[in-house]
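Just so you know, these numbers use all the heavy atoms, side chains as well, and skip hydrogens, waters and symmetry mates.
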Amino acid sequence: MIIYVDGSDLLEHFAEREDRLVVEGDHDRNRDNLTRWLGRYCEVRDCQAVLVFGTEQPGDVRSPTERFARVKVINVPYGGDVRTEIGGPANQAAKQERTLVVTADNRLADAVQRGRARVLTPAAFVARARKLMRPSDEVVADEPDEKFTGVTDEEVDFWLGLFGNED
């Protein structure tokens with residue numbers, strides 16, 4: 001299964017509900033949190049996702065594509081159309097595998113529903129996702145579980161012994 005997500009619509013849904021996933025005023029962190037959350041959902045569901053974000057400002061410069069675990073992030077440049085980045089690829093993917101599109105855009109939903117893809121609103125998708133995910137799966141990581149504190153003396157001795165004290 002592959003999921004195509006309109007990132008702005010899903011972020012807006014979380015923001016309207018004052019979800020802990022959204023940090024007010026920190027757009028980049030919100031995007032990262034959403035990407036991680038969707039990645040954990042994909043791990044639970046054993047699927048892939050394409051998360052599409054439209055650039056809000058003319059001066060925004062982002063990498064055209066990024067990858068996080070099972071999530072491919074597409075950053076549409078200013079003036080680009082998120083619908084074209086989701087609609088065509090989703091209709092093509094639906095010919096070969098189960099395809100889900102998450103959007104609040106009625107025009108995109110109409111275009112995709114003519115094909116074989118299934119469409120969910122952000123609210124319906126989040127409700128479905130939270131039924132499948134445990135609360136521990138949704139935790140947004142601020143800090144790593146364990147911080148790197150350096151190499152232990154035993155590890156240093158091991159590597160020095162292995163390489164014969166070479167400089």
Side-chain angles (χ1 to χ4, degrees), residues 1-58 60 62-142:
M1 181 166 114
I2 187 164
I3 305 167
Y4 288 85
V5 179
D6 184 332
S8 300
D9 287 349
L10 193 52
L11 265 179
E12 187 176 307
H13 169 77
F14 282 121
E16 286 172 356
R17 277 135 190 90
E18 298 177 356
D19 195 278
R20 67 182 182 275
L21 196 74
V22 177
V23 177
E24 189 173 335
D26 195 344
H27 188 68
D28 290 335
R29 185 168 179 194
N30 293 338
R31 289 169 61 114
D32 291 344
N33 287 347
L34 180 61
T35 303
R36 285 189 204 97
W37 181 84
L38 188 58
R40 286 191 296 274
Y41 174 77
C42 288
E43 287 175 23
V44 169
R45 289 284 298 161
D46 190 28
C47 64
Q48 301 290 319
V50 177
L51 180 58
V52 181
F53 287 108
T55 305
E56 289 82 25
Q57 301 299 321
D60 284 353
R62 296 187 185 275
S63 172
T65 60
E66 300 169 299
R67 176 84 49 195
F68 178 82
R70 296 175 178 230
V71 179
K72 177 181 180 182
V73 179
I74 298 176
N75 296 306
V76 180
Y78 180 76
D81 190 6
V82 171
R83 279 178 278 162
T84 59
E85 293 293 332
I86 295 175
N91 283 331
Q92 287 296 325
K95 293 176 183 177
Q96 293 153 354
E97 64 184 311
R98 285 183 45 213
T99 304
L100 176 65
V101 175
V102 179
T103 185
D105 184 338
N106 291 330
R107 291 182 292 173
L108 175 58
D110 289 342
V112 173
Q113 284 180 327
R114 290 185 189 122
R116 298 172 126 180
R118 183 167 174 225
V119 178
L120 287 178
T121 64
F125 176 71
V126 170
R128 175 181 173 179
R130 289 199 161 145
K131 278 185 182 179
L132 296 171
M133 295 169 67
R134 295 183 310 254
S136 62
D137 292 330
E138 289 194 62
V139 174
V140 177
D142 282 339

Going through the distances and angles, do F68 and D32 end up as a side-chain contact (heavy atoms from CB on, under 4.5 Å)? CA-CA 9 Å; F68 178 82; D32 291 344; over 6 Å; no
List the steps and the verdict of side-chain contact (heavy atoms from CB on, under 4.5 Å) for V126 and V102. CA-CA 10 Å; V126 170; V102 179; over 6 Å; no
Could you walk me through whether I86 and T103 pass the side-chain contact (heavy atoms from CB on, under 4.5 Å) test, one step at a time? CA-CA 10 Å; I86 295 175; T103 185; 5.8 Å; no
So Q48 and E97, side-chain contact (heavy atoms from CB on, under 4.5 Å) or not? Walk me through it. CA-CA 11 Å; Q48 301 290 319; E97 64 184 311; over 6 Å; no
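A pairwise comparison of heavy atoms in L38 and V5 identifies CD2-CG2, 3.9 Å as the closest pair. The two residues A94 and R116 have their closest heavy-atom pair at O-CD, 3.6 Å. Of all non-hydrogen atoms in T35 and F53, the two that sit nearest each other are OG1-CE1, 4.3 Å. The minimum heavy-atom distance between D9 and D105, with the atom names listed, is OD2-N, 3.6 Å. Closest approach of A109 to V119, counting heavy atoms only: CB-CG1, 3.8 Å. The minimum heavy-atom distance linking W37 with A129 is given by the pair CH2-CB, 3.6 Å.
You'll find the side chain of Y41 reaches within 4.5 Å of the side chain of I3, heavy atoms only.
Note that the CG atom of N75 and the CZ atom of R31 stand 4.5 Å from one another [nearest 0.5 Å]. Going from atom OG1 of T65 over to atom CG of L51 covers 12.5 Å, rounded to the nearest 0.5 Å. For the atom pair CZ (R67) and CD1 (I74), the distance works out to 9.5 Å, reported to the nearest 0.5 Å. Residue L108 holds its CG atom at 11.5 Å from CD of E85, rounded to the nearest 0.5 Å. Distance check, rounded to the nearest 0.5 Å: CD of Q113 to CZ of R118 gives 10.0 Å. With rounding to the nearest 0.5 angstrom, the CG atom of D19 is 10.5 Å from the CG atom of N30.
Side-chain atoms of N33 come within 3.5 Å of backbone N or O of L21 as a donor-acceptor pair. Checked by atom type and distance alone, the side chain of S8 never pairs as donor or acceptor with a backbone atom of D6 at under 3.5 Å.
With respect to the salt-bridge test (charged N to carboxylate O, under 4.0 angstrom), the residues D81 and R107 do not qualify. A salt bridge links R70 to D46: one of the charged nitrogens lies within less than 4.0 Å of a carboxylate oxygen.
Taking a 6.0 Å sphere around CZ of R98, one finds it holds 12 or fewer heavy atoms contributed by other residues, nucleotides or ligands.
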